[in-house]
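Here is the structure we will look at, set down as structure tokens.
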Amino acid sequence: MKAIKSVVGEPLRIVEMDQPVAGPGQVLIRVAAAGVNRPDLIQRAGRYPPPPGAPETLGLEVAGWIEATGDGVSQWKPGDRVCALLPGGGYAQYALAHEGSVLPLPGDLNFTEAAGLPETVLTVWNNVFEMGRLQPGETFLVHGGASGIGTTAIQITAAWGANVFATAGSDEKCRLCERLGAVRGVNYRTEDFESIVRAAGGADLILDMVGAPYFDKNLNTLNDLGRLAYIAFLHGSKVEGDFTRVMMKRLTITGSTLRIRTDAYKARLAEGVRTHVWPMIASGRFKPLIDGVFPLEEANAAHLRMESGDHAGKIILSVAPE
Ligand SMILES: NC(=O)c1ccc[n+]([C@@H]2O[C@H](COP(=O)([O-])OP(=O)(O)OC[C@H]3O[C@@H](n4cnc5c(N)ncnc54)[C@H](OP(=O)(O)O)[C@@H]3O)[C@@H](O)[C@H]2O)c1
């Protein structure tokens with residue numbers, strides 16, 4: 001099969017690789033489209049090695065057809081149209097997934113739209129709803145609102161009934177966040193999110209991928225019993241700060257990373273997503289935002305697009321036409 005090979009410091013290139021074989025509890029997916037995620041760029045730079053047993057090839061999410069099933073698989077059969085969270089290996093014509101990490105295509109989405117869902121939606125579900133316990137009517141702030149994660153989080157939380165604020169790096173991206181359901185997009189280059197969100201009553205939950213520079217302001221922005229959920233530290237993870245606010249406001253600080261969780265944990269998240277988020281897609285309240293689609297062989301250009309920071313929403317690799 002054709003797959004993308006990644007070597008630190010070299011452009012991505014397409015190579016021939018052996019097609020994987022589904023083991024017990026696994027399915028083999030013929031990939032129609034694959035999602036590109038920031039963690040792929042970090043892995044490619046040698047700073048996010050795949051967990052033991054995961055393929056070396058990049059790619060955390062795909063959509064396509066079930067090609068074959070391993071021993072003990074009961075939920076899926078060849079020909080099913082699915083999308084799936086992967087431990088790696090999605091930038092290829094065929095990829096393996098654990099059966100519990102596979103979901104049916106939601107609503108009437110095509111493969112391109114669905115390929116960008118699993119990694120982002122499961123991450124948002126895990127951090128915002130399970131660990132962050134967001135309630136309807138609460139105020140939610142997401143940093144990086146125009147990112148793949150951000151555009152997903154805004155739509156799902158707005159559909160859930162939260163008041164949503166989002167930070168982004170341009171006025172244009174802020175207006176996009178508002179069109180997706182945010183009450184207010186905050187341009188972090190020209191505006192102060194702390195004063196804007198505080199003036200609106202403060203935040204009950206903040207989803208942060210920025211890290212150190214926002215730590216202090218996040219604590220100031222949170223209300224009593226507020227939650228701060230970390231999914232990345234794009235600008236550093238080390239801080240010196242006054243934790244008195246954690247005590248006085250009874251704050252909770254959480255964090256998680258999806259890739260190293262067990263198959264059983266991911267299956268439970270997928271079940272939550274299927275129950276709560278898939279109906280939002282079917283009813284049109286959440287529609288994945290696609291920035292652009294690149295053929296598999298142009299994976300390097302797709303990475304350059306993400307590196308540029310000019311994108312908004314998801315970048316997708318097209319592997320096989322529908
Ligand atoms: N923990 C997990 O399980 C998990 C899973 C998936 C992804 N992640 C992480 O989540 C993050 C987003 O992933 P993605 O695939 O959606 O990537 P992405 O689309 O490239 O998003 C990165 C975002 O960071 C924003 N950003 C950079 N500096 C900022 C600042 N000072 N203030 C506010 N926003 C800032 C950028 O906003 P502008 O372009 O507007 O500047 C951009 O939208 C990545 O760091 C990724 O590693 C974590």
Side-chain angles (χ1 to χ4, degrees), residues 34-45 47-48 51 58-61 85-88 90 101 115-128 130-132 141-155 165-178 180 182 185-194 196-197 206-218 221 229-237 254-261 265-266 269 288-292 302-317:
V36 174
N37 290 279
R38 177 72 50 172
D40 303 343
L41 276 64
I42 304 171
Q43 176 178 336
R44 179 183 169 193
R47 289 184 279 113
Y48 190 45
L58 304 178
L60 300 171
E61 56 186 0
L85 178 76
L86 311 177
S101 298
L117 288 173
E119 171 74 9
T120 37
V121 176
L122 267 74
T123 298
V124 170
W125 184 254
N126 191 16
N127 290 279
V128 173
E130 287 211 332
M131 298 174 74
L141 167 64
V142 56
H143 292 303
S147 64
I149 294 276
T151 54
T152 301
I154 291 170
Q155 293 188 72
F165 289 78
T167 58
S170 70
D171 289 346
E172 198 187 349
K173 286 185 178 181
C174 287
R175 300 299 83 80
L176 169 73
C177 293
E178 290 164 5
L180 293 174
V186 180
N187 183 341
Y188 66 80
R189 297 185 201 278
T190 58
E191 299 182 298
D192 176 40
F193 74 82
E194 179 187 334
I196 290 170
V197 178
I206 300 176
L207 182 66
D208 191 17
M209 58 184 74
V210 175
Y214 286 175
F215 180 74
D216 212 48
K217 295 166 80 60
N218 282 340
T221 305
Y230 282 107
I231 53 165
F233 301 101
L234 283 168
H235 296 297
S237 59
T254 68
S256 78
T257 181
L258 184 59
R259 196 178 189 184
I260 54 169
R261 301 272 79 79
Y265 187 95
K266 292 172 185 170
L269 288 181
L289 182 75
I290 307 294
D291 176 80
H303 275 213
L304 289 174
R305 170 84 184 152
M306 185 169 269
E307 266 162 20
S308 76
D310 293 337
H311 69 294
K314 296 287 301 197
I315 297 169
I316 304 294
L317 300 176

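Any value given below was found using the heavy atoms of this structure, including those in side chains, with hydrogens, waters and symmetry copies removed. When a residue number appears, it is its place in the shown sequence, counting from 1. As the structure lists them, so they are numbered: ligands from 1, and atoms in each ligand from 1.
A donor and an acceptor atom, one from each side chain of T120 and N37, are nowhere located under 3.5 Å apart.
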Check ligand 1 against the protein and report each N/O to N/O distance under 3.5 Å, formatted as atom name, atom name, distance.
unit_1	atom_1	unit_2	atom_2	d
ligand 1	1 (N)	I231	O	3.0
ligand 1	1 (N)	S256	O	2.8
ligand 1	3 (O)	L258	N	2.8
ligand 1	15 (O)	R38	N	3.0
ligand 1	16 (O)	G148	N	3.0
ligand 1	16 (O)	I149	N	2.9
ligand 1	19 (O)	G148	N	3.2
ligand 1	19 (O)	H311	NE2	2.8
ligand 1	20 (O)	R38	NE	2.8
ligand 1	20 (O)	R38	NH2	2.6
ligand 1	20 (O)	H311	NE2	3.2
ligand 1	28 (N)	H235	NE2	3.0
ligand 1	31 (N)	Y214	OH	3.2
ligand 1	32 (N)	Y214	OH	2.7
ligand 1	34 (N)	G144	N	3.3
ligand 1	39 (O)	K173	NZ	2.6
ligand 1	40 (O)	G169	N	2.7
ligand 1	41 (O)	Y188	OH	2.4
ligand 1	43 (O)	S147	N	3.4

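Heavy atoms of other residues, nucleotides or ligands lying less than 6.0 angstrom from CD of E172 number 12 at most.
At least one side-chain heavy atom of S256 sits under 4.5 Å from a side-chain heavy atom of N127. Contact annotation: the side chain of T123 never approaches that of T152 to less than 4.5 Å [non-hydrogen atoms, C-beta and beyond].
Applying the side chain to side chain contact (heavy atoms under 4.5 Å, CB included) test to L234 and every residue at least two apart in sequence or in another chain returns R38, M209.
Taking OG1 from T221 and CZ from F165, the interatomic distance works out to 11.0 Å, rounded to the nearest 0.5 Å.
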